[in-house]
Amino acid sequence: MRLMKNPQFNAAVVAVISVFYALVFIITSGHLEFQRVLAHGQTLNSSLWNGWSAFLQQGRLKYIGYVYIAAALCVFLLSLARKKHYDEYQAGILTTSFIVSGIALLLLFPTALLLIISDPNYAVEAMMLLVVIHWSVFLFVDLIYSVKWCRA
């Protein structure tokens, strides 16, 4: 709990994971091998999956990576602007958000398995969508948290 009181610890954790995802998204976006695993001829009659697959094939995933870097940078700068540690209440909220995010991630695994079993052709799309949804929600909730408590 002591680490959670330090705003820079929160920023470091968020930055490391965000930069990791961003680099994966930026490097794989437009990469020939990545596009090859996505080329399966729109086998599902689903505008969601076919649209997401086209989004990935067109190399637009890198833009999500850039947004992750920008949001992580904002969290980092807000943590530097905060001169004092979080109090017990603020640290409790932050700890709870990390725990809820972890539980959500655990619940996404069975969902991913179900999606992959239903159509293995869209396995990469399913995993990328779940990762994007999970980290985007966590990152922007953390950004809102940082903005709210930066002034305190």
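Bear in mind that the values here come from a model prediction, so they are computed numbers and not experimental data. Along the sequence shown, the residues carry numbers beginning at 1.
With no hydrogens or angles considered, no side-chain donor-acceptor pair links Ser79 and Gln8 at under 3.5 Å.
For Tyr63, the OH atom counts as loosely surrounded, since its 6.0 Å shell holds 12 or fewer non-hydrogen atoms of other residues, nucleotides or ligands.
Checked by atom type and distance alone, the side chain of Trp49 never pairs as donor or acceptor with a backbone atom of Glu125 at under 3.5 Å. With hydrogens and angles ignored, the 3.5 Å screen pairs a side-chain donor or acceptor of Gln35 with a backbone N or O of Gln57.
By the rule that hydrophobic residues join a cluster once side-chain heavy atoms approach within less than 4.5 Å of another member, Phe138 and Ile133 end up as members of one cluster. In this structure, Tyr21 is a member of the same hydrophobic cluster as Leu129, with clusters built from ILVMFWY side-chain heavy atoms closer than 4.5 Å. Leu139 is connected to Leu61 through a chain of hydrophobic side-chain contacts under 4.5 Å among Ile, Leu, Val, Met, Phe, Trp and Tyr, so both are in one cluster. Linking ILVMFWY residues whenever their side-chain heavy atoms come closer than 4.5 Å, directly or via other members, places Val24 and Val131 in the same cluster. Note: the hydrophobic cluster containing Phe76 does not contain Val19 (ILVMFWY, side chain heavy atoms under 4.5 Å, direct or indirect links).
Contact check for Val67 versus Phe140: side-chain heavy atoms found under the 4.5 Å cut-off. Between Arg60 and Ser29 there is no side-chain heavy-atom pair separated by less than 4.5 Å. Side-chain atoms of Tyr122 and Asn50, non-hydrogen and from C-beta on, do get closer than 4.5 Å to each other. Contact of the Ile93 side chain with the Ser97 side chain is not registered, since no non-hydrogen atoms from C-beta on lie closer than 4.5 Å. Proximity of Leu78 to Leu143: side-chain heavy atoms (C-beta onward) are separated by under 4.5 Å at one or more points.
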Evaluation steps, side chain to side chain contact (heavy atoms under 4.5 Å, CB included), between Glu88 and Lys5: CA-CA 7 Å; Glu88 292 289 328; Lys5 288 184 177 185; 2.3 Å; yes
Working for side chain to side chain contact (heavy atoms under 4.5 Å, CB included), residues Ile99 and Thr95: CA-CA 6 Å; Ile99 291 170; Thr95 302; 3.9 Å; yes
Test log, rule side chain to side chain contact (heavy atoms under 4.5 Å, CB included), inputs Phe34 and Met128: CA-CA 12 Å; Phe34 185 66; Met128 293 305 269; 4.3 Å; yes
Identify every side-chain donor-acceptor pair in residues 101-117 under 3.5 Å, counting partners at least two apart or on other chains, and give the distances.
residue, atom, partner, partner atom, Å
Ser101, OG, His134, NE2, 3.1
Thr111, OG1, Leu107, O, 3.2

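Aromatic pair Tyr145/Tyr86: ring centres closer than 6.0 Å.
Listed here is the closest heavy atom pair of Lys84 and Arg82: O-NE, 3.0 Å.
Ring pair Tyr68/Phe25 is tilted by interplanar angle, where 30° to 60° counts as tilted.
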